[in-house]
Amino acid sequence: MSNRPFDSLPPTESLELENGLTLVPRVKLNFTIYPTNPTVTKPVDEWKLKLALIDFLQTSLSSPITVPEDDLEIRRLGDLKKRKREDPVAQGSICIRDLRFLNRTTNRSNVDEEGKEEEDVKVLEKKYMDWRKYIVEKMDGMELNLEGVKYRLNVAVPASDDFEGMKKAWEEFYAFGNRGHSRSGRQEPDTIVLRGLPSRWFAEPLVSSKPSMLVTHSIFSRLGNIRNLNVAEDNDLGKEAEEIVNIVSGLSCKIVVQFEKFKDFYNALKVLSGRSLQKQGSRLKADYEVNWDKDRMLQNSRSHTQETSRMSKMAAGNYRSEAPRRQQQISRSSPDDARRKRFKD
């Protein structure tokens, strides 16, 4: 566990948040499986495919990797008899969480010297990126023979784990695609969107199982000063995932965090990308999705907590004062008075 500032955290180290939560490093790879013979109608054997991939990671890489079965997910896709010739037969993902081997050749004898520490972080970042690129190149396009049936894998890094890709996307968006939203000054993103987080991890213990604004704010304020925040059940994710994974609608939440400064947004997104969330005392690791917000979900709006507080104060102060005032107005301009004035004229 690292004690250094999170904005200089290497991609191989964990970061403690509040509420017993920790961001733990990983390399996640998504893969799609195609039969080399398009006429195949035999379903892929998930168990044998898992064993073949685990064996490949242990025997065919420059540094052997051990991946527990729980970190390798495979999902069959639909009815093979109805599939089109170009359609895949399955999809899946691999999470490689033990990245300690990347630290072995890094010299940390002068870790107390600030310049040396920054140099080590840059070295680790480069090693991490180079190794991730290496394993994608090794696995993308590889063939597996399972019981005489050959399959081909397409492998890629998820978009939410590709920080440099997200950075390039927002730079292009604000340079060419903001459609005139910017009238003056340089426009930069400031809001992060997270999906697929366990709702109960952001709830108030013994109060509710639904995510709490207060708890969520205390957790993400570790990453920077928050200007605006929204948290809600992510029912859309449950609906999207029902056909391929066992995700129950309402158990996951969607969190939108707007930071006061671009620097906080930048560092927070970099730390959240390529990591999973783990709860103390739980074996579950939440492999959430994270991205920057180009839809301006929280633009020109107040925080839900601030708005609730403001409305509560208004309700407490105005409820007693508005009624007498209205009564006085009604008494001063009653229908009888209006009728008398009309006849007098």
Salt bridge (charged side-chain N to carboxylate O under 4.0 Å, His left out) partners for [X], two or more places apart:
X      : result
Asp130 : Lys126
Glu125 : Lys270
Glu18  : none

Just so I know, are the side chains of [X] and [Y] near enough to count as touching, which here means a heavy-atom distance under 4.5 Å?
X      : Y      : result
Leu223 : Leu272 : yes
Ser160 : Asn291 : no
Thr66  : Asp98  : no
Leu77  : Asp87  : no

Honestly curious: do [X] and [Y] fall in one hydrophobic cluster under the side-chain, below-4.5 Å linking rule?
X     : Y      : answer
Leu53 : Leu146 : yes
Val24 : Val290 : no
Leu57 : Trp47  : no

For the pair [X] (side chain) and [Y] (backbone), establish whether a donor and an acceptor sit closer than 3.5 Å, ignoring hydrogens and angles.
X      : Y      : result
Arg275 : Glu13  : yes
Asp140 : Ala156 : no
Tyr128 : Leu99  : no
Ser199 : Leu251 : yes
Ser282 : Leu284 : yes
Ser252 : Pro198 : no
Ser273 : Leu269 : no
Asp55  : Leu51  : no
Tyr134 : Ser62  : yes
Asp161 : Pro158 : no

Sequence-distant partners of [X], side-chain hydrogen bond (donor to acceptor under 3.5 Å, both in side chains), two or more places apart:
X      : value
Asp287 : Arg26, Arg97, Ser276
Asn30  : none
Arg132 : none
Lys48  : Glu147

Separation between [atom1] of [X] and [atom2] of [Y], rounded to the nearest 0.5 Å:
X      : Y      : atom1 : atom2 : result
Ile54  : Ile65  : CD1   : CD1   : 13.0 Å
Ile96  : Leu61  : CD1   : CG    : 7.5 Å
Asp162 : Glu164 : CG    : CD    : 7.5 Å
Leu277 : Ile219 : CG    : CD1   : 7.5 Å
Thr12  : Lys127 : OG1   : NZ    : 9.0 Å
Asp71  : Lys28  : CG    : NZ    : 10.5 Å

Applying side-chain contact (heavy atoms from CB on, under 4.5 Å), can you list everything that pairs with [X], at least two apart in sequence or on another chain?
X      : answer
Asn37  : Thr39, Val40
Lys50  : Glu69, Leu72, Ile74
Ser60  : Phe56
Glu143 : Thr36, Lys150

**Item:** Residue of the set Phe163, Phe173, Phe265 for which ring pair (Phe, Tyr, Trp, His ring centres under 6.0 Å) holds with Trp292
**Value:**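 So, applying the ring pair (Phe, Tyr, Trp, His ring centres under 6.0 Å) to Trp292 and each of Phe163, Phe173, Phe265, only Phe173 qualifies.
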**Request:** List in chain and number order the residues that pass ring pair (Phe, Tyr, Trp, His ring centres under 6.0 Å) with Phe31, two or more places apart in sequence or in another chain; answer none if no residue qualifies.
**Result:**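 Expected list: none.
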**Prompt:** Would you call the rings of Phe220 and Phe202 parallel, tilted or perpendicular, where under 30° means parallel and over 60° means perpendicular?
**Reply:**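 Phe220 and Phe202: parallel rings.
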**Trace of the side chain to side chain contact (heavy atoms under 4.5 Å, CB included) decision for Tyr266 with Lys167** = CA-CA 9 Å; Tyr266 182 97; Lys167 179 182 175 183; 3.6 Å; yes
**With Gln258, the side chain to side chain donor-acceptor pair (under 3.5 Å) member among Asn230, Asp190, Asp293** =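 Only match with Gln258 under side chain to side chain donor-acceptor pair (under 3.5 Å): Asp190.
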